Student: 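Dropping a structure here in C-alpha cells format, bear with me for questions.
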Amino acid sequence: MSGTSQIGLMNTSISVLLERKGRAAFSVPPTTTVTEAARETQRRKVGAVLVMEGDQLVGIFTERDLLWRVVAAGLDPKTTPLSQVMTRNPITAGPTTPIQQVMDIFTEKRFRHMPVMDGGKLLGIISIGDALRWAAAVHRQEAEQLKQYISGGYPT
Amino acid sequence: MNTSISALLEHKGSGVFSVTPSISVAEAVREMNYFKVGSVLVLDGDRLVGIFTERDVLMRVVAAGRDPRQTALVSVMTCDPVTVDISEPVEHVMDLFTERRFRHLPVMDHSRLAGVISIGDVLRAVAEENRQEADQLRQYIAGGYPS
C-alpha cells in the first residue's frame, strides 16, 4: 500500500519542518515603516514579517498586505507604520499541529505564511514554499519505495 | 502526482490575467487586486514579454524606494520568464517552485499561452491527493477497499 508512508509523513508535526528549515523567524516592532520592513524581507529573502510588541505577537505583514493596504490605498511606504497596515492577530499553529492541517489552511484560506507558537512563545514561521517542499519530498520518497517494491526489494 | 498540469488549469478555470507593457506599477497592482491574483503576465500583442508579481512590488518597487505611480511596469517586471509546457509532469513544476522559489509559472501549449499555475494550485492538488489516499486507506482497513 503505497499511501501508508505518505499519510504518516503528512501527519508529521510542524515542529519537524521548522527544525529542517533551520531558519529562525525574525520580527520587527509595530513602529517599523513599510519601506524598512520591505528592505528587511528583501535582505532575508522572505515574503512576510512578523510584528512583535515586546515578546508578544501582534501581527503579520505580507506582500498581500502591501498590495492591498499600501499601494492600492496610495499610502506612502516611507512614512506608513506597520501597525496601520498589518494583519492583526494572525492564525497560528502549535508545534504539534500536523503538516496536513497547515496545508489545508493555506489552500482553504489562501494564506501563504503561518507563525508557529508554543504557548506564548514564537517558534518560527512556515511558508507555503516550506509546505510544498515537504510534500514534494514525501512524493519522491513514495515513488522511490514503489520502485523498490516493484523490483522486489521492498522491506516487509 | 496523478494530476497533470492541464487538469490543474481546468480545475482553476480558464482566464489569463494579462496587461500591456505600457502601464505603471500602480495600474498593474489595481488589476492584480481586482482579480485577486498574485501575478500578471505582460503581453506585447500576443507575445509574452514578462511577468510581474507581488514579490516584484516588494523587492523592486517598495524596497527600492520607487513610487508605484511613477514607475513603468517594464522597468521592474521579470523579462522573458521561465515557462512550463502543458504536457510536462506536475513534479517538474513542483521542482521549479521549491528550488527556484517561484510562485507563479506561465503555462504554454506549444507556443500558445494556456494559463498560469501558482504554488497554491499545486499545494491544493497535493493536499487533495493526500486526502483521497487517506480515505482509501481507511476504506482498506475497514475492508471496503475495491480490489
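The structure displayed is predicted, hence computed values, not measured ones. Chain letters run A, B, ... following the sequence lines, proteins first, then strands; residues in each count from 1.
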Student: Please lay out, stage by stage, how B:Leu58 and A:Gln42 fare under the test side-chain contact (heavy atoms from CB on, under 4.5 Å).
Tutor: CA-CA 8 Å; B:Leu58 180 83; A:Gln42 181 184 42; 5.7 Å; no

Student: Do A:Val34 and A:Leu75 sit in the same hydrophobic cluster, where Ile, Leu, Val, Met, Phe, Trp and Tyr count as joined when their side-chain heavy atoms come under 4.5 Å apart?
Tutor: yes

Student: What parts of residues 50-57 of chain A touch chain B if we use heavy atoms and a cut-off under 4.5 Å?
Tutor: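 At a heavy-atom separation under 4.5 Å, chain B is reached by no residue of residues 50-57 of chain A.
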
Student: Is there a path of hydrophobic side-chain contacts, each under 4.5 Å between heavy atoms of I/L/V/M/F/W/Y residues, joining B:Val76 to B:Phe17?
Tutor: yes

Student: Do you know which of A:Ala38, A:Ala37, A:Gly74 has the most heavy-atom pairs with chain B at a distance under 4.5 angstrom?
Tutor: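 Most heavy-atom pairs under 4.5 Å with chain B: A:Ala38.
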
Student: Treating Ile, Leu, Val, Met, Phe, Trp and Tyr as nodes and any side-chain heavy-atom pair under 4.5 angstrom as an edge, say whether B:Tyr34 and B:Val29 lie in one connected cluster.
Tutor: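 Yes, it is one cluster - the side chains of B:Tyr34 and B:Val29 are joined through contacts under 4.5 Å.
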
Student: Looking at B:Arg101 and A:Lys45, would you say the former's side chain and the latter's main chain have a donor-acceptor pair under 3.5 Å?
Tutor: yes

Student: What are the two closest non-hydrogen atoms of A:Thr107 and B:Gly120, and how far apart are they?
Tutor: CG2-O, 4.3 Å

Student: Let's go through A:Leu66 and B:Glu54 carefully: what are the C-alpha distance in whole Å and the side-chain angles of both, what is the deciding distance for side-chain contact (heavy atoms from CB on, under 4.5 Å) to 0.1 Å, and is it a yes or a no?
Tutor: CA-CA 8 Å; A:Leu66 177 71; B:Glu54 291 167 321; over 6 Å; no

Student: Check whether B:Asp95 gets within reach of chain A through its side chain, its backbone, both or neither, counting any heavy atom under 4.5 Å.
Tutor: side chain

Student: Which atom names give the shortest non-hydrogen contact between B:Thr98 and A:Gly129, and what distance separates them?
Tutor: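 Between these two residues, the closest heavy atoms are CG2-O, 4.5 Å.
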
Student: Any idea which heavy atoms bring A:Val46 and B:Met59 closest together, and the distance?
Tutor: O-CE, 4.5 Å

Student: Relative to chain A, which segment of B:Arg55 carries a heavy atom at a distance below 4.5 Å: side chain, backbone, both, or neither?
Tutor: both

Student: To check you understand the geometry: which heavy-atom pair defines the closest contact between A:Pro77 and B:Val62, and what is its length?
Tutor: CB-CG1, 3.8 Å

Student: Would you call A:Glu63 and B:Val57 a side-chain contact if the rule is heavy atoms closer than 4.5 Å?
Tutor: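 Result no, sub-4.5 Å side-chain heavy-atom pair not found.
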
Student: Specify which of A:Glu108, A:Arg112, A:Arg64, A:Arg110 makes the most heavy-atom pairs with chain B at under 4.5 Å.
Tutor: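 Winner by heavy-atom pair count: A:Arg112.
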
Student: Kindly give the heavy-atom pair with the smallest separation between B:Leu123 and A:Ile128, and that separation in Å.
Tutor: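 Where B:Leu123 meets A:Ile128 most closely, the heavy atoms are CD2-CG1, 3.6 Å.
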
Student: Testing the basics here: between B:Met32 and A:Leu67, what is the closest heavy-atom pair and its distance to 0.1 Å?
Tutor: CE-CD2, 3.7 Å

Student: Within this structure, what is the CD-CZ distance for the pair B:Glu99 and A:Arg133, rounded to the nearest 0.5 Å?
Tutor: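 Atom-to-atom, B:Glu99:CD and A:Arg133:CZ are 9.0 Å apart.
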
Student: Is B:Phe52 linked to B:Val74 within one hydrophobic cluster, defined over Ile, Leu, Val, Met, Phe, Trp and Tyr using a side-chain heavy-atom separation of less than 4.5 Å?
Tutor: yes

Student: Is it the case that one hydrophobic cluster holds both B:Phe97 and B:Val84, taking links as side-chain heavy atoms less than 4.5 Å apart, direct or via other members?
Tutor: yes

Student: Specify which of B:Asp67, B:Asn33, B:Val25 makes the most heavy-atom pairs with chain A at under 4.5 Å.
Tutor: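 Between B:Asp67, B:Asn33, B:Val25, the count favours B:Asn33.
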
